[in-house]
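Every heavy atom of this structure was used, including side-chain atoms; hydrogens, water molecules and symmetry mates were not.
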Amino acid sequence: MKTIVAGREPVTATEFAELALGIDLELFTGSATESRMDRAARLDVAHEVLAELRESDPDTAAYAETLMRTLPLKQPRSSGRRTRRAARPTLNGRTAGTAVAA
């Protein structure tokens with residue numbers, strides 16, 4: 001038996017939740033690649049939608065609030081910070097990948 005929501009057949013659990021609840025999950029969860037400015041704008045909209053949901057559908061509002069507490073898998077790095085690069089593995093005291101001229 002196929003699960004059909006609003007005349008559409010969701011492929012993933014995320015699509016099912018979006019169709020069943022009528023909300024865009026990414027609005028409340030964000031994306032790992034969004035900038036700080038994009039995040040601020042998205043959160044402003046999410047708070048407005050959340051306020052409307054609290055009045056019309058408290059259960060969905062509670063779910064949306066839970067989603068807002070989750071973080072994307074990877075946070076964007078700020079432009080001023082650099083990450084440390086791992087040291088290259090060595091082979092018998094020499095750096096791996098280097099050639100020796102004969």
Side-chain angles (χ1 to χ4, degrees):
M1 179 175 179
K2 294 182 180 181
T3 303
I4 299 176
V5 178
R8 299 178 79 187
E9 184 178 342
V11 177
T12 65
T14 301
E15 287 179 3
F16 180 81
E18 287 177 353
L19 290 171
L21 298 174
I23 60 173
D24 179 14
L25 298 181
E26 193 171 313
L27 173 65
F28 296 101
T29 59
S31 128
T33 59
E34 71 185 349
S35 68
R36 289 182 185 200
M37 194 165 72
D38 289 341
R39 176 179 164 79
R42 178 186 56 78
L43 287 175
D44 285 343
V45 173
H47 285 293
E48 290 177 20
V49 170
L50 190 57
E52 292 176 14
L53 277 174
R54 283 186 186 119
E55 294 175 10
S56 63
D57 189 355
D59 292 334
T60 302
Y63 179 67
E65 286 177 323
T66 302
L67 290 174
M68 287 182 73
R69 288 191 292 266
T70 63
L71 294 174
L73 293 177
K74 179 180 174 186
Q75 291 293 316
R77 292 182 290 184
S78 68
S79 59
R81 294 174 55 192
R82 301 180 98 192
T83 59
R84 290 182 72 177
R85 293 176 60 149
R88 294 180 74 180
T90 59
L91 181 63
N92 295 333
R94 295 187 307 237
T95 303
T98 58
V100 177

Return the [atom1] to [atom2] distance between [X] and [Y], rounded to the nearest 0.5 Å.
| X | Y | atom1 | atom2 | result |
| --- | --- | --- | --- | --- |
| Asp38 | Arg36 | CG | CZ | 12.5 Å |
| His47 | Glu52 | NE2 | CD | 14.0 Å |
| Leu43 | Phe28 | CG | CZ | 10.0 Å |
| Leu25 | Tyr63 | CG | OH | 5.0 Å |

key: Pro58 to Arg54 - nearest heavy-atom pair and separation   = CG-O, 3.8 Å
Heavy-atom pair with the smallest gap, counting every atom of Leu50 and Ala64 = CD1-CB, 3.8 Å
key: Any donor-acceptor pair under 3.5 Å from Arg42 side chain to Leu27 backbone   = yes
ask   = Does any non-hydrogen side-chain atom of Val49 lie less than 4.5 Å from one of Asp24?
value = no
